[in-house]
Amino acid sequence: MGVNRSPVPAGTAPDRSRATGVLLVLGSCASLQFGASAATQVFPAAGPWGVTVLRLAFAGIVLTALARPRVGAWSRGTWVKVVLFGVSLGLMNGFFYASIARIPLGVAVTVEFLGPLLLAATTGRRARDFAWIAVALAGILLIGFDSLDPLGIVFALVAGAFWAAYILSSARVGAAVDGQGGLAVAFLVGALVQVPAGFHGAGVILADPTLIGWMALTALFGSLVPYALGLGALRRLPVGVFGILLSLEPVFAAAIGWWLLGQTPSAAVWAAVVCVVAASVGTTRNKPGA
């Protein structure tokens with residue numbers, strides 16, 4: 001199940017510009033992984049949690065200025081939905097960054113994809129969905145984790161679990177809040193969730209202009225650009241097609257990790273990527289709108 005890290009309105013009617021929509025989805029995938037690679041440049045000085053705090057805070061401030069959410073009109077139930085959405089968003093990002101601080105980007109994204117895949121299987125409850133999960137698991141087991149930091153693998157799995165929670169909470173917030181106000185506030189909540197672990201690192205970044213520059217790239221390409229491109233894509237593509245294209249995210253992660261970070265994927269890693277992408281496409285293609 002391919003899912004963008006930034007929610008976009010479900011059920012948007014597609015138009016005839018499908019080729020443009022495909023390019024926008026691919027651009028969103030590339031931008032997201034470029035942002036992750038930029039984040040790794042800051043990890044040695046500030047750690048992944050400090051980077052997460054500032055990335056989400058920056059995205060939240062910019063989107064709040066644009067969306068101007070009418071928070072005073074929200075009910076208590078709406079606030080609960082938005083806060084839970086923000087918590088899942090923040091922890092998904094924090095644990096993902098903690099993972100790529102320890103293991104290659106392509107491996108982290110491939111392992112993390114188990115979260116939305118399991119969610120797709122349990123919500124679909126079809127035998128073929130569970131068969132695709134078995135394909136994904138078999139592929140991931142091919143990687144062989146002897147040479148990898150086990151804590152990095154655990155962090156990727158936890159990030160995947162929060163990704164599944166993020167998907168569920170995103171749908172609830174989308175139904176409760178018009179526009180992008182819910183996402184804007186969720187970004188800020190997500191940043192606050194990271195403060196206990198990332199306060200010191202955030203201070204280190206803010207004291208160094210070079211780190212601020214890397215942080216700006218991370219926030220721009222890791223949050224705002226993928227969100228904007230994903231929104232444009234869903235205005236041109238059926239939701240199911242959008243999800244299938246986003247299934248290519250592990251491919252982009254492995255390729256960009258190799259290109260920008262020198263993380264050359266082994267044949268086993270590429271095999272795992274192929275298995276996870278196939279499983280993601282398989283669980284998505286028979287959904288409505290695919």
Side-chain angles (χ1 to χ4, degrees), residues 1-39 51-52 54-70 82 85-86 88-90 92-93 96-97 105 109 116 163 166-167 169-171 173-175 177-191 212-249 251-253 255-256 260 289:
M1 182 177 184
V3 181
N4 199 349
R5 310 279 177 132
S6 296
V8 284
T12 306
D15 60 20
R16 297 179 181 178
S17 305
R18 292 201 175 191
T20 300
V22 170
L23 292 176
L24 290 174
V25 176
L26 298 180
S28 176
C29 290
S31 178
L32 189 64
Q33 302 310 322
F34 181 82
S37 68
V51 175
T52 306
L54 292 184
R55 173 195 163 189
L56 296 178
F58 178 83
I61 290 169
V62 172
L63 193 55
T64 297
L66 294 174
R68 297 181 180 181
R70 300 175 61 184
V82 172
F85 181 34
S88 62
L89 185 155
M92 174 186 71
N93 280 275
F96 174 68
Y97 275 12
L105 178 61
V109 172
W163 190 353
Y166 161 90
I167 294 167
S169 58
S170 171
V173 170
V177 181
D178 292 332
Q180 306 309 316
L183 173 61
V185 175
F187 272 132
L188 297 176
V189 171
I212 291 175
W214 281 110
M215 191 64 251
L217 286 175
T218 299
L220 178 64
F221 289 101
S223 293
L224 296 175
V225 170
Y227 160 75
L229 294 180
L231 181 62
L234 258 185
R235 288 173 175 161
R236 295 168 172 83
L237 297 172
V239 175
V241 174
F242 179 83
I244 288 173
L245 290 169
L246 281 177
S247 300
L248 294 172
E249 191 172 319
V251 177
F252 279 89
I256 288 178
L260 296 179

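Considering all non-hydrogen atoms of both residues, S37 and L260 come closest at OG-CD1, 3.4 Å. The heavy-atom pair separating G21 from R236 by the smallest distance is N-CD, 3.7 Å. Of all heavy-atom pairs between F252 and C29, the closest is CD1-CB, 3.7 Å. Across all their heavy atoms, G182 and V173 have their closest contact at CA-CG1, 3.9 Å. Nearest heavy-atom pair across T64 and A184 is OG1-CB, 3.5 Å. Closest non-hydrogen pair, L188 versus A57, comes out as CD2-O, 4.0 Å.
Taking CG of L245 as the reference point, atom CG of L237 lies at 6.5 Å (rounded to 0.5 Å). Note that OG of S223 and CG of L63 are 10.0 Å apart. Values are rounded to the nearest 0.5 Å. Rounding to the nearest 0.5 Å gives a distance of 14.0 Å between CG of L24 and CZ of R18. Remark: I212 CD1 to F58 CZ distance equals 11.5 Å, nearest 0.5 Å. Rounded to the nearest 0.5 Å, atoms CG (L89) and CH2 (W163) are 12.5 Å apart. L224 CG to L229 CG: the interatomic distance, rounded to the nearest 0.5 Å, is 11.0 Å.
In this structure, S31 has no side-chain hydrogen bond (donor to acceptor under 3.5 Å, both in side chains) partners at least two apart in sequence or on a different chain. Contacts of T218 classified as side-chain hydrogen bond (donor to acceptor under 3.5 Å, both in side chains), with partners at least two apart in sequence or in another chain: none.
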Please walk me through it: do W214 and L217 pass side-chain contact (heavy atoms from CB on, under 4.5 Å)? CA-CA 5 Å; W214 281 110; L217 286 175; 4.0 Å; yes
side-chain contact (heavy atoms from CB on, under 4.5 Å) assessment of V185 paired with F85: CA-CA 9 Å; V185 175; F85 181 34; over 6 Å; no
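With a 4.5 Å cut-off on side-chain heavy atoms, F96 and V109 count as touching. By the 4.5 Å heavy-atom criterion applied to side chains, Y227 and L32 are not counted as neighbours.
Checking side-chain atoms of S170 against main-chain N and O of I167 turns up no donor-acceptor pair under 3.5 Å.
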